[in-house]
There are 2 protein chains.
Amino acid sequence: MNEPHPTRPDYEAELRKTGVRITRPRKVILSILSDAGDHPDALEIFKRAVEIDSGISLSTVYRTMKLLEEIGAIHRHAFEGGPSRFEPAGEEHHDHLIDIETGDVIEFHSARIEELQEEIARELGYDIVRHRLELYGRKRRAGRSARGG
Amino acid sequence: MNEPHPTRPDYEAELRKTGVRITRPRKVILSILSDAGDHPDALEIFKRAVEIDSGISLSTVYRTMKLLEEIGAIHRHAFEGGPSRFEPAGEEHHDHLIDIETGDVIEFHSARIEELQEEIARELGYDIVRHRLELYGRKRRAGRSARGG
DNA sequence: AATGCAATTGCAAATCGTTTGCAATTAGAG
DNA sequence: CTCTAATTGCAAACGATTTGCAATTGCATT
């Protein structure tokens, strides 16, 4: 068995805390998010949800994602091109490397880069509110030396 | 007055080079881009264009931006929230700090960050094809040390 | 367990930024 | 100046997301 995330988020608790109803559609969506190891978009979440309860609508998925984002339970990422993709907010801060061939997302973190960002902003007279660092790349061809091909 | 860009791009030449027609609408749009010191979006370019030639359509602006992007004459940036914004491709590579209050864009560059990005990607087994580093912040309240000017 | 009502839903229509099909116009080679 | 393919404006189509609305439902209350 593989743990999708180090910190399994208890979304229902988070929702209750904000005085929001735990409805059937929300339960389904929340369960999907809980064990999503990837970074699905709204449509993908919708598809997974329909398999569990065919009555769920795409609007509800969008509404739920917005709700979860507002209470800070998930993060929304608008990677180049595609629709927004989501991930639980539990983990600690990280940036993303997107495989431009597969769409796979790899998380990474660099304290040094963060420091440099702060430094740059400071020098420009700004306070960073949030930032976005995305690397778009492709898997390096293993084996022979660096060659085009 | 003020030089919008260190390197004033000769868009018409670039277009001619790719065997594309220099039409009236294109001339207008190109002239706007040439002395745009900011990072306007398509609608903004359209508005400026209409002041010069009221016959220009928004579709043509979009088509021209796409064309210029394809030949590598401009860069498109999809900053959080808003529509794509454009800038001449002439300058050397840089990233962006976006003032979340005004929408102003400040350009910066950090060789060190670039290096670190490469290093990270390499360690993850990837080659970076492109990347995106955006800082979203607000002007620091002029406390004591730094003074805005 | 039944009640009541605001929160939530599904649906369809609306929205926003952008692209596209098409018939009319036009740049620019000959 | 002629010719034709490239380009245009327009409106309609687009994909992702949001919204109005009437019907439904969670859940605090009896």
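Letters A, B, ... mirror the listed sequences (proteins, then strands); counts begin at 1. Side chains are part of it too, since the values below use all heavy atoms of this structure and drop only hydrogens, waters and symmetry mates. Predicted model only: the values in this text are computed from it and were never measured.
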Note to self: Using C1' atoms of five pairs at each end, report the bend of the helix from C:dA1-D:dT30 to C:dC16-D:dG15 rounded to 10 degrees.
What the structure shows: 30°
Check: Side chains of A:Leu15 and A:Leu67: does their closest heavy-atom pair fall under 4.5 Å?
Finding: yes
Checklist line | Pair A:Glu51 + A:Arg48, salt bridge at N-O below 4.0 Å | finding: no
Next item on the list: Return the value, rounded to whole Å, for the distance between atom CG of B:Leu15 and atom P of D:dA6.
Entry: 15 Å
Notebook entry, point to check: Under a 4.0 Å N-O cut-off, is there an ion pair linking A:Arg122 with A:Glu118?
Noted result: no
Checklist line | Distance test, side-chain N/O of A:Lys66 to OP1/OP2 of D:dT18, below 4.0 Å | finding: yes
Next item on the list: Hey, which sits more toward the 5' end of DNA chain C by its nearest nucleotide, B:Gly82 or A:Gly19?
Entry: A:Gly19
Margin query: Taking the side chain as everything from C-beta on, heavy atoms only, tell me whether A:Ile113 gets closer than 4.5 Å to B:Ile120.
Written below: yes
Check: First contact, last contact: which nucleotides of DNA chain C are these for chain A, 5' to 3', heavy-atom distance under 4.0 Å?
Finding: C:dA6 to C:dA12
Notebook entry, point to check: Are any of A:Tyr62's side-chain N or O atoms less than 4.0 Å away from OP1 or OP2 of D:dT17?
Noted result: yes
Check: Do the rings of B:His96 and B:His39 sit parallel, tilted or perpendicular, given the 30° and 60° boundaries?
Finding: perpendicular
Next item on the list: List the steps, then state whether side chain to side chain contact (heavy atoms under 4.5 Å, CB included) holds for B:Leu97 with A:Tyr126.
Entry: CA-CA 9 Å; B:Leu97 165 60; A:Tyr126 276 79; 3.7 Å; yes
Next item on the list: Examine the side chains of B:His93 and B:His131 and answer whether a donor and an acceptor come within less than 3.5 Å of each other.
Entry: yes
Note to self: Within the 4.5 Å heavy-atom criterion, are B:Glu87 and B:His94 side-chain neighbours or not?
What the structure shows: yes
Note to self: Assess the residue pair A:Ile98 and A:Glu80 against the criterion (side chain to side chain contact (heavy atoms under 4.5 Å, CB included)); give the C-alpha distance rounded to whole Å, side-chain angles, the decisive distance to 0.1 Å, and a yes or no.
What the structure shows: CA-CA 9 Å; A:Ile98 297 95; A:Glu80 278 188 3; over 6 Å; no
Next item on the list: Grab the CD1-P distance between B:Ile22 and D:dT7 for me, whole Å please.
Entry: 9 Å
Notebook entry, point to check: In whole Å, what is the span from the CD atom of A:Glu44 to the C1' atom of D:dA16?
Noted result: 16 Å
Item checked: Atom pair distance, as rounded to whole Å: CZ in A:Arg21 and C1' in D:dT29 -> 13 Å
Check: Rounded to the Å, how far apart are A:Leu43 CG and D:dA16 P?
Finding: 7 Å
Next item on the list: On DNA chain C, check which nucleotide each of B:Arg16 and A:Val61 is closest to and give me the residue with the more 5' one.
Entry: A:Val61
Next item on the list: Please test A:Asp95 against A:Glu114 for side chain to side chain contact (heavy atoms under 4.5 Å, CB included), starting from the C-alpha separation and ending with a verdict.
Entry: CA-CA 10 Å; A:Asp95 296 305; A:Glu114 308 273 321; 3.3 Å; yes
Check: Does the side chain of A:His75 come under 3.5 Å of the side chain of A:Glu91 through a donor N or O and an acceptor N or O?
Finding: no
Check: Rounded to whole angstroms, how far apart are CG on A:Leu67 and P on D:dG26?
Finding: 16 Å
Polar pairs (N or O, both sides) under 3.5 Å between protein and nucleotides 11-15 of chain D?
{"unit_1": "D:dA11", "atom_1": "N6", "unit_2": "B:Ser59", "atom_2": "OG", "d": "3.4"}

Check: Just checking B:Arg26: base, sugar-phosphate only, or nothing, at a heavy-atom cut-off of under 4.0 Å?
Finding: sugar-phosphate
